[in-house]
Amino acid sequence: MYILALNCGSSSIKGKLFALPPASDSPLARVATLAVSNIGAAGDAVTLRLRWATGEDVREAGGDGGSVQHRDLFPWILEHVAASGEVKAADIKYIVHRIVHGGTNTAGLVVTADHREALDQMDALSEFAPLHNHHAVLGVKACLDVLPDHTSLLLFDTLFHQTIPPEVYTYALPPPDAKLPLPLRKYGFHGLSYASIVRSLSTHLGKPASALNIVVAHLGSGASSACIRAGASIDTSMGLTPLEGLVGGTRTGTIDPTAIFHHTKEYWTDAGLPGIKVSKAEALLNKKSGLTALAGTPNFATITANAADPTSPEHARAKLAYAVFVDRLMGFVTQYLAKLLAELPIAEIDGLVFSGGIGENAAGLRADVLGRLGWLGTSVDAAANDARSDDVVREITAPGSKLRGWVILTDEEGYCAQAAREQLGL
Ligand SMILES: Nc1ncnc2c1ncn2[C@@H]1O[C@H](COP(=O)(O)OP(=O)(O)O)[C@@H](O)[C@H]1O
Ligand SMILES: CC(=O)OP(=O)(O)O
Ligand SMILES: [Mg+2]
């Protein structure tokens, strides 16, 4: 029997397949890892990579990232898993899906072929996570169509942030005119990633999760930061939707909300996105802004290469995009460090963690951020920071650094699979 964990991000679909051991206290054994990348990146081909623990490594390129549709990607993934002959598809009895916006739900929701009510609830929240919820719901439906006998568990990014206090999650807005599906407040996202990072660092340090105090920068296609006190979220940069806060691959991050009324005439007209009801303004803020608007590409590796190359025709744009990204990131990181330092001596802060596609790969960015925290007594270990490694947890500051820096490979899928075992009693 197998459990598949699927994580539908804004530019990627990631997955891990695990064999379920008969005893609930035995660890899960990873059988395969899959990743579909470059979704939404015009000019780059969408790629699928499926690596089996046996050593088999399948790579395939699909259509252009700018025009590919999520609904076609899930059957493509499941076909590859089934075609490998490594596992019988019918033996996948459980699938756990990362759903970005869980609204006011305080626990995961179970879905089966005959009980799909939770999917309508999740789809209704798509306007509050327009790059995520609808696509993930399409994924759950595709899985139910191909494997009608399995049980699905939906786990939400928002669950980890339930501990954020009212003064942080409250927006200074009067009551809305109409009844809304959700209270307008901060919810926070990337919570499954933050939970996995807390678990990994707590294991690495041999310290209970409830004693961990960290600031995390989860920097991927969507970027956010979180302030974690005693293992629990007390603040995070994303808000009602995953648009607030840091600059993303295609998202503005925080701007003066009135800018959009001046920028886009008829901002309220429907954007015509398939399956989601959002305005032209929301589509522009979510899909056409951020690094793409500033540098012409959401690809951070391309941006850093162009920023470092004065002969590149994109040099000036890339330098500005990089500087804007770092400026906003420093704003949140320093604010969250200040929140922790207001209550704790620096020796009780376990450090600043970098994670996500950018955080795990962009060594120059990490050095720049830690370098700007020299006033806290932070000192980077350049060799450790530049090294390539598969270690889940890697320290990148020098011995004696007053604030420690870490790279932690986020494992949203592994966390989801383990959480599914606990919730479903497997
Ligand atoms: N080697 C690299 N150097 C810098 N950035 C990278 C590198 N590889 C990937 N990235 C960045 O990571 C982003 C994807 O991050 P990821 O966390 O996988 O995204 P998602 O939001 O879809 O989960 C890409 O858009 C790219 O900007
Ligand atoms: C919440 C969010 O932005 O997720 P991702 O970075 O995976 O797109
Ligand atoms: Mg992601």
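As the structure lists them, so they are numbered: ligands from 1, and atoms in each ligand from 1. Computed from a prediction, not measured in an experiment: that's the story for all the values here.
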**Prompt:** Does the cation-pi check pass for Arg185 over Tyr169, that is, NZ or CZ under 6.0 Å from the six-membered ring centre and within 45° of its axis?
**Reply:** yes
Would you say [atom1] of [X] has more than 12 non-hydrogen atoms from neighbouring residues, nucleotides or ligands within 6.0 angstrom?
| X | atom1 | result |
| --- | --- | --- |
| Lys287 | NZ | no |
| Lys207 | NZ | yes |
| Tyr336 | OH | yes |
| Lys319 | NZ | no |
| His315 | NE2 | yes |

Nearest non-hydrogen protein atom, [atom]:
| atom | answer |
| --- | --- |
| atom 6 (O) of ligand 2 | His190 NE2, 2.8 Å |
| atom 15 (O) of ligand 1 | Gly357 CA, 3.3 Å |
| atom 3 (O) of ligand 2 | Arg251 NH1, 2.8 Å |
| atom 13 (C) of ligand 1 | Ser221 N, 4.0 Å |
| atom 1 (N) of ligand 1 | Asn361 CB, 3.4 Å |
| atom 11 (C) of ligand 1 | Ile358 CG1, 3.6 Å |

**Prompt:** Say you draw a straight line from OG of Ser224 to CG of Leu219; how long is it, rounded to the nearest 0.5 Å?
**Reply:** 8.0 Å
**Atom pair CZ (Phe160) and OG (Ser233), whose distance is rounded to the nearest 0.5 Å** = 5.5 Å
Relative to the heavy atoms of [X], which atoms of ligand 1 are at a distance of less than 4.0 Å?
| X | value |
| --- | --- |
| Pro298 | 25 (O), 27 (O) |
| Lys14 | 16 (P), 17 (O), 18 (O), 23 (O) |
| Gly222 | 21 (O) |
| Phe300 | 5 (N), 26 (C), 27 (O) |
| Asn299 | 27 (O) |

Hey, are [Y] and [X] close enough side-chain-wise for a donor-acceptor pair under 3.5 Å?
| X | Y | answer |
| --- | --- | --- |
| Asp368 | Tyr322 | yes |
| Tyr187 | Thr241 | no |
| Glu412 | Tyr194 | no |
| His134 | Asp123 | yes |
| Glu266 | Thr269 | no |

**Complete:** Note: ligand 2 atoms sitting under 4.0 Å from heavy atoms of Phe189 are 1 (C)
**Request:** Heavy-atom contacts with Asp157 under 4.0 Å: which atoms of ligand 2 show up? List them by number with element.
**Result:**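 Taking each heavy atom of Asp157 in turn, ligand 2 has 1 (C) under 4.0 Å.
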**Request:** Return yes or no for this condition: an N or O of Gly222 is under 3.5 Å from an N or O of ligand 2.
**Result:**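 Yes - when backbone and side-chain N and O of Gly222 are compared with those of ligand 2, one distance drops under 3.5 Å.
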**Min N/O separation Ser11 to ligand 2 under 3.5 Å** =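 N/O-N/O distance under 3.5 Å: no.
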**Item:** Best match, Ser12, Ser355, Ser10: closest heavy atom to atom 23 (O) of ligand 1
**Value:** Ser12
**Fill in**
To atom 4 (O) of ligand 2, the nearest of Met238, His218, Glu412, Arg98 on a heavy-atom basis is Arg98
**Item:** Heavy atom of protein closer than 4.0 angstrom to atom 4 (C) of ligand 1
**Value:**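 Neighbour list for atom 4 (C) of ligand 1 includes protein heavy atoms (cut-off 4.0 Å).
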**Prompt:** What part of Asn7 sits under 4.0 Å from ligand 2 if we count only heavy atoms: the side chain, the backbone, both or neither?
**Reply:**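 For Asn7, no heavy atom sits under 4.0 Å from ligand 2.
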**Request:** Select one of side chain, backbone, both or neither to describe which atoms of Ser37 lie under 4.0 Å from any atom of ligand 1, heavy atoms only.
**Result:** neither
**Item:** Geometric N/O contact Ser11 with ligand 1, under 3.5 angstrom
**Value:**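 Yes.
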